Structure formats: C-alpha cells, structure tokens
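Okay, so here's the structure we're looking at.
Order of the sequence lines fixes the chain letters, A, B, ..., with proteins taken first and strands second; residue numbering starts at 1 for each chain. None of these values were measured; they are calculated from a predicted model.
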Amino acid sequence: MEIYYMYTKLRRDFGRHPNLADEPAEVLADIRPDSHISDSFIDRNPVVTTVAVVPDMSEHEANTEMVEYKNSGMYHLEGGWPKDVDFTEVEHTIRYRKKVEKDEDYLIAISQLGAQVEELIKQNNAIDIYEEYFTHDVVDHSSEQPSAKTLTVFRDPAHKKGITRSAPYISWHPDGGRKMAVAYAIMEFQQQPDGMPVSSYVWDVNNPNTPEMELAPASQICCAVYNPKDPNVLISGLYNGQVTYWDTRKSTRQIDTSPIENSHRDPVYDICWLQSKTGTECASVSTDGNTFWWDIRRMGEPVDSLVLQGKNDPIVLGAVCMEYDPAAGPTKFMVGTEQGTVVSCNRKAKNPIDRVGASYTGHHGPVYALERNPFYSKYFVSIGDWTARIWMEDLKTPIMHTKYHNSYLTGGQWSPTRPGVFMTIKMDGTMDVWDYFYKQNDPTLQVQVTDQSLTSVKVQESGKMVAVGAQDGSVTLLDICDGLAQMQTGEKHAISAIFERETRREKNLEARQKELRLKAKKGAGNTHEVELDNNPDTVANIEKEFFDMINAKKDVDETNPLEVEIGA
Amino acid sequence: LGIIIMKRINSHKGVLGIIIVNNDGIPIRTTLDAQVTVQYAALVTHLASKARSVVRKLDEQNDLHFLRIRSKKHEIMVAPDNEYVLIVVQNPNAI
C-alpha cells in the first residue's frame, strides 16, 4: 500500500533560504486494523527483548608497520676523571687513587659496605636460594583442557611479489629444532607463472621476518629433508625429478645434483635418509613409479632402483610418500601410492620381483602421509582420502580408522614424544590432534590454523612445537600444551594394549571371514566341520577364562564383602 | 685498612672479584683486570643509580640499600653509598 506526499517547489525558488514554519499535523493515511490479516499472526507471549542504557562502543585494532631492530654494542672508555687528571697517564691515575684511599670518609664507607656485602656472600654460600625442588616430578596433565597456541607465522618471501606458492614440505633441523627448512612449490601441473622464484628457504624459529638461508635450485623444490646424522646436509627432490643435495655451511647453490637422464620423470614427492655406515645414502620416490637409491657422494646415477609394481600387477604405482624407519628394518621401507595402496618393500630381496612385498589397500584416494609409530614400529598410520587408518604390519585390513571427515586429509604425523598422539591436517585448514590414550572416536583437539588448505605438517622432536604449511605458502608454528606433548603415566603400556587388542580383533574377524568363505565354497560337507574345529575351541577357551575370572572375583567378594576392588 | 677489608672479602668462597668505584665512575680499587673493571664500573653505576631513583620515586624517604643481580653464571652485588659504590662478583654455585 503506497503512502506518498507530494512536495512542489518552483524553479525560481531554488537556492532560496528555506523559511520553515509550523503547521498543524495532517493525516496522510489511516490504516485501520484488518481482522482478516490477524489470522496469519500468532500472539507471542512472553516477548524477550534486551534493553541496555549503555553507549554504543566500537572496537578497532591497528597494527603498526614492523620496526626493524638492530643490535649494537657500546664501547666504554674510562670517564669521570676530574679535569686535572689525565687518565692516559698511569702515574696520574695512581696518584689520584692513592689520594682517595687516604680520605677518611672512604675508609668508613668501605668498612660499612664491606660488612654488608660479607653478610650476603656468606648467605649465598650457605643456601642456594633459587634451588628447584620439584624438577623430577611428573606433572599430571590429564585434567587440563588441551590447547594449542600459534607462536609465529612464516610467510613466503615470494608472496610479496604476488605469486602464491604452497608449502608442500617442512623439515626440522635435527639438532634441537631451532631451524626448519621449508620447500615452496606450486604443485599443480603447469600452473607455475613465468618468473616464479624457485628458491626455498631455511627459517630460524626466532626470526619470522627474514629467512636464515636461501636454497636456490634449478627447479622448484618439492621436498627437502635434513640428514639426521649431519645437521648441515639437506637432500631435496625437485619438481623436474632431479635430486639435489645441499650443505648449509657452504653456500646457497646446490653442492650436487642428479642428472636429468637418470632422475625421476615426475616431481619427486618424498625422500628419506637411510641408515648406513657412511650416513650418505638416501632414497627418493615419485609418481612415475620409480624408487631410486642415491649416494650423495656420487649423484651421477642412482645406486639402485625399483619399479613399484605389484607381484602380478601390470600397473605401476605412483608414489606420493614414503616411510623409512631403521627400527623396523634397515632395508625395509613403505611407500604410499596415488592409487590408495600402501606397499611395503624390501630392498634386499632374493629376486627383484620379491622386492615389493605386502600391499595394504583401503584408501579411496592417494595416501598422502605414512609413518610408523615411533614407539611401536609394527603399527603405522596412513593418511589419505577422508580418513586416517592405523595398520599392523601383518594384517591386510586396518586395525583402527578415524571416522570419515568432511574434508580431505592432506597429511599427518605421530607425535615423537607420545605413543598415542598423532596430528592430521585437512583441506579446510584445520589440524586435528588425536590422542588414543584419551579418546578414540574424535580428535582431542581441533585447531583452525588458517582458512587455506593445509599442505604439510611436521612435529618438532621435542613434541611441543608443530609447523604446519598451507596452500598460500604460510607456515604456522603452533605450540601444543604440555598435556599433549608429555607422556602420561602408563601411556605406553595402555597404547600397546589398545593396539594389540585391535589387532587381535582384526585377526579374529579375518579368521571368521576365511571360514565363511570356505564354507560358501565347499558347501555343507565334512571338510566344513574340520575347518570349523579351530574356532569353537578358542571361543570356548576364551569363555572359560572369562567365567573363571568372574567366579574368582565373586569368591573374593563373598569372603570380603566390605572390600571393594577398584580397577582390575 | 681498605686493603685489609678487600682481602677479607676476596677470601670468601666463590668471590670472583671486587671493584670500588667512586661517584664519578672512577674505579678506585679492583681485583679484576682493567678492561672488565671499566665495563663493570660504567654499567653497574648506571644501573645502581637508576635503581636508587626508582626506590626514591616510590617513597621519598626511602633509599637504596643494596642491589643484587643474579645471572646464570654469577651474582653481582652492589652496595651503594653516598660517595662510593662497592661491587662484588660472586659465583654462588662454586664448591
């Protein structure tokens, strides 16, 4: 319903000073209540409104431009000498000093001060007032709310030029972890703009504004790993398939690189240092299906190579990540593939065909991260598609897996200090910290790191700091609360019990499956009964054990009704 | 007499050195070497006078009695007076 009021003004009156005058009120429109409309409304009773007599405030934050600091020292020269004394002349200074010493005031002052100071010196020698009493007590953090704090953010220096590179790989310096090497690359095929800088940088944790060192390769670096034996040496895999090795003491130019003819045909997605007497061996994998072993002293050609092919499979698998743990075996390693399988390989197999061993399928997408539990090498976590799965070496199906998340998981790692804790990162920018000691269904802590998709995560060896790289090249350094970094009492035992229990469950399920399959194949028959023999026995045994335990407890309870047993 | 006092202080366990400075910042007596002495004299007198002004600003009647700076490696004890300042460097963990 339109209500309007028309106001006219003659052209010749424009610009004239308005003369305003009071006029009585005039009714422009009168809208009567319409009872038909009231049917579409309901009486709302009570109505809650807030009223506050508070002035409206607005909040505003401002950040100033960063101030550049420079450290400089000051040189102290002797000063304060009175005008008649020339302090360069030793004679004069000695004479002056002697004069002061003869002064009576001096002697009184010194004896007083001396007495005071002596008291304190004796005090110091008697007790150590700053003694730490409870350094060795283990603090129980289980009741604390887990948290993670962002310490700093390192931005890709190329970002200033408008080019956005992602951070696909981070490697912490092995000695204490004050530095980390971050590889910057644009991983999408042929998306690299002209003039894109190919350098990657080594950052010092304390200085997020300028990188400590620059690594200038021939092509962009896709992965870079510090040598755990020699903290100055880095090996990196490039986008064009080459492998280069750097020495941070020497220069920003690579020391040596593999020739293109003998390198990978696809970007090198992962590299590992191998355990060897010389500490100079490493292995690299790529989506072209090749695994090359290199000795950094002779980068001319790989020492060994392997094509990732299943035993009877003509398909060559493209590798996205690899895992090498000397504790599991110096020649054994695992590779996570684009096709979603995890392949376990042994470099020293009798026939070259046997090199590729077991393969673990299950993921619906490429396996982006693979790592053995640092405490229990038989179990490893693989991260890909929307879940993280935990496997036991001998079983073909995962023993545990997380629920299907809303976004794709892009990486993850076990915590080096706690056997039951691992982190996963997702495409929506969140990092989840899972604590299997506390809860297995949900992550214990979810941190929204940034709104970009996260591309890499690496926990520093102390377990407290985590570096997370994102799609826009920023690397965020998070500090995890003590509760998630320090090992809790009984954790190792409990976690191994959890894993063992799950493995047994899987084994039982597998056995049951086998039995069902055989049953289906043979149909009802004599063989069927023979096959079934094993399982009823074990089931009976387990039942017997169970009832024995219960009866024993019942007996105890009957004899001591007042004693309550807490725990098992 | 001043020398006797200094010797006595020096003989205590853990004492690394003593410096007596007058108000102008001139080291009168010292058991440490010249370079170090000059540094201590300059830096410590500044700090002591700053500390004294803090104490006096908080309460006009108050005055700085003693200043102890405990660092990781040793402890610096500063005893100021109207005209002179006595600085003692001690290592409290010394056996």
Side chain / backbone / both / neither for B:V15 at chain A, heavy atoms under 4.5 Å: side chain

Atom group of B:I20 that falls short of 4.5 Å from chain A, counting heavy atoms: side chain

Residue part contacting chain B, namely of A:K122, when any heavy atom lies under 4.5 Å: side chain

With rounding to the nearest 0.5 Å, note down the distance linking [atom1] in [X] to [atom2] in [Y].
X	Y	atom1	atom2	value
B:L86	A:S111	CG	OG	11.0 Å
A:L120	B:H12	CG	NE2	11.0 Å
A:I110	B:I28	CD1	CD1	8.5 Å
A:L113	B:Y84	CG	OH	11.0 Å

4.5 Å side-chain heavy-atom contact, B:H65 and A:Q116: yes

Top of A:K98, A:E118, A:Q112 for chain B proximity - count of heavy-atom pairs under 4.5 angstrom: A:E118

Minimum-distance pair of heavy atoms, taken over all atoms of B:I5 and A:G114: CG2-CA, 4.3 Å

